[in-house]
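Both backbone and side-chain heavy atoms feed into the values below; hydrogens, waters and symmetry mates do not. By convention here, the first residue in the shown sequence is residue 1. Note that ligands are numbered from 1 as they come in the structure, with each ligand's atoms numbered from 1 the same way.
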Amino acid sequence: MYAQALDAVGQTAPAGPEDGERGQRFQRRVDAEQRIEPNDWMPAGYRKTLTRQISQHAHSEIVGMLPEGNWITRAPTLRRKAALLAKIQDECGHGLYLYAAAETLGCAREELVEQLLTGKAKYSSIFNYPTLTWADIGAIGWLVDGAAIMNQIPLCRCSYGPYARAMIRICKEESFHQRQGYEIMLTLCQGTPQQKEMAQDALNRWWWPCLMMFGPSDKQSLHSADTMKWKIKRFSNDDLRQKFVDATVPQGHYLGLSFPDPDLQFDAHSGHWRFGAIDWSEFKRVLAGDGPCNRERLAARRRVHEEGAWVRAAALAHAKKRAKNQAKNEAENPAENQAENQAENPAERASEAQTTGE
Ligand code: BYC
């Protein structure tokens with residue numbers, strides 16, 4: 001379905017005011033909340049920034065499986081192991097929907113994956129931190145998925161149709177992820193003093209990196225002006241960060257935990273939790289490839305990509321064989337095939353109508 005947009009490959013259009021009437025018409029459609037679809041004309045800048053954001057988002061989902069995968073064999077109970085496996089599989093699925101959405105913009109998945117493996121494309125900074133104890137799995141669900149939902153719910157209304165539609169399903173699953181994480185934290189906080197200490201230690205280590213997930217401050221953000229104008233982003237990085245802090249601090253207090261920020265305090269006048277300064281030098285270091293686990297994460301991705309080469313080769317060979325057999329069959333029995341197609345089509349059409357609700 002998504003591959004239809006490959007029709008648009010090569011239609012590179014200039015970006016900005018020089019787009020003239022076409023560009024103005026595009027902006028009017030965006031302003032009127034009309035969805036932009038793969039075969040519609042779009043400014044080159046819109047296509048480029050969407051490809052960048054969606055593919056980085058896809059890479060984040062895929063790399064995001066690694067820190068949690070570290071705990072599958074050591075989950076404390078069968079129930080926890082089943083939930084963790086399901087969550088990690090969901091993340092793989094999210095990555096696949098997102099690569100498919102990015103492909104509708106005319107960039108092949110192989111190329112996007114190559115950009116990740118060569119270190120050219122970014123993925124979320126948060127996945128360059130280690131998962132040292134089981135409590136980190138709780139903290140990732142509660143905080144990382146909590147931050148992801150805050151950022152991703154507005155993306156369900158993104159102006160680009162395939163991205164917005166992918167995000168609807170992703171957000172439903174993220175909400176389950178967040179709850180399973182909070183439940184792990186609650187269990188630890190109601191357990192032994194050592195378990196509560198583990199939960200506190202995980203919060204201490206994940207809190208600041210989670211605030212960095214929302215990206216640089218609005219003043220430093222490179223793309224926000226364009227992405228807000230094009231209604232890809234609906235809220236600025238700082239606004240989303242503040243919403244996350246406001247939602248999360250009372251949840252932490254309910255757990256009986258404290259936040260590793262001496263400046264955190266409630267401002268009754270504005271109704272917001274005010275927090276201390278973020279260490280942007282750490283964020284820059286992680287983005288530059290020098291976080292605690294950057295090298296390990298990329299090495300793991302490269303290794304599994306190489307090890308999976310035979311699966312890609314086998315799938316391609318199988319597809320070729322099927323296409324060849326089908327062509328041979330059609331050449332040998334043209335009348336039969338025509339009758340079969342005619343018989344099949346009404347059922348196919350009916351089932352399509354059912355799934356699209358027509
Ligand atoms: N990490 O101009 P800005 C998840 C880069 S959740 C790395 O503000 P933009 C998951 C940015 O790419 C995580 N890089 O950018 C959860 C840009 O560099 P380039 C994924 C970052 O795009 C649980 C530069 O900094 N979520 O998947 O307007 C389990 C300047 O920034 C980060 C998404 O991807 C960062 N944290 O705003 C498993 C959501 N922040 O590209 C998986 C979709 C900024 O010019 N993405 N940069 O080289 C977005 O909403 C936006 O892309 C961002 C950044 C808010 C992240």
Q.
If the threshold is 4.0 Å, N to carboxylate O, is there a salt bridge linking R302 and E306?
A. no
Q.
In the complex you have, is atom 53 (C) of ligand 1 within reach of the protein, judged by whether a heavy-atom distance drops under 4.0 Å?
A. no
Q: Give the residue, atom name and distance (to 0.1 Å) of the protein heavy atom nearest atom 35 (C) of ligand 1.
A: S125 OG, 3.5 Å
Q. For ligand 1, which part of F235 has a heavy atom less than 4.0 Å away: the side chain, the backbone, both, or neither?
A. neither
Q. Under 3.5 Å, side chain of Q56 to main-chain N/O of T51, donor-acceptor pair present?
A. no
Q.
Below a 4.0 angstrom heavy-atom separation, can you tell me which part of K233, side chain or backbone, both or neither, approaches ligand 1?
A. side chain
Q.
Heavy atom to atom 44 (C) of ligand 1, shortest distance: which of S221, S224, P216 holds it?
A. P216
**Q.** Closest approach of any protein heavy atom to atom 11 (C) of ligand 1, naming residue and atom
**A.** R52 NH1, 4.0 Å
(Q) How far is atom 49 (C) of ligand 1 from the closest protein heavy atom, and which atom is that? (A) Q53 NE2, 3.5 Å
(Q) I need the nearest protein heavy-atom contact for atom 19 (P) of ligand 1: residue, atom name and distance, please. (A) K122 NZ, 3.5 Å
Q) Is there a donor in the side chain of D238 and an acceptor in the side chain of S236, or the other way round, less than 3.5 Å apart? A) no
Q. Between F283 and W280, how do the two ring planes meet: parallel, tilted or perpendicular, split at 30° and 60°?
A. perpendicular
Q | Derivation of the side chain to side chain contact (heavy atoms under 4.5 Å, CB included) call for L186 and L255 | A | CA-CA 6 Å; L186 194 59; L255 293 172; 3.5 Å; yes
Q) Among protein heavy atoms, which sits nearest to atom 25 (O) of ligand 1, and what does the distance come to when rounded to 0.1 Å? A) L287 CD2, 3.8 Å
Q. Quick one: which ligand 1 atoms are inside 4.0 Å of a heavy atom on A148?
A. 6 (S), 16 (C)
Q. For ligand 1, which atoms have a heavy atom of Q56 less than 4.0 angstrom away?
A. 12 (O), 41 (O)
Q.
Taking the ring centre of each residue, are F259 and F275 less than 6.0 Å apart?
A. no
Q) Is the cationic atom of K243 (NZ for Lys, CZ for Arg) positioned less than 6.0 Å from the six-membered ring centroid of F235 and within 45 degrees of its normal? A) yes
Q: Check N237 against ligand 1 and report side chain, backbone, both or neither, counting heavy atoms closer than 4.0 Å.
A: side chain
Q: Please write down residue, atom name and distance for the protein heavy atom closest to atom 39 (C) of ligand 1.
A: N151 OD1, 3.1 Å
Q: Measure up the H57 and Y163 rings against each other and bin them: parallel (under 30°), tilted (30 to 60°), perpendicular (over 60°).
A: perpendicular
**Q.** For Y123, the ligand 1 atoms whose distance to one of its heavy atoms is below 4.0 Å
**A.** 1 (N), 7 (C)
**Q.** atom 32 (C) of ligand 1: the protein heavy-atom neighbour that sits closest, reported with distance to 0.1 Å
**A.** F283 CZ, 3.6 Å
Q. Taking H59 as the fixed residue, which of F127, Y99, Y123 is the one that meets the ring-ring contact (aromatic ring centres under 6.0 Å, His included) rule?
A. Y99
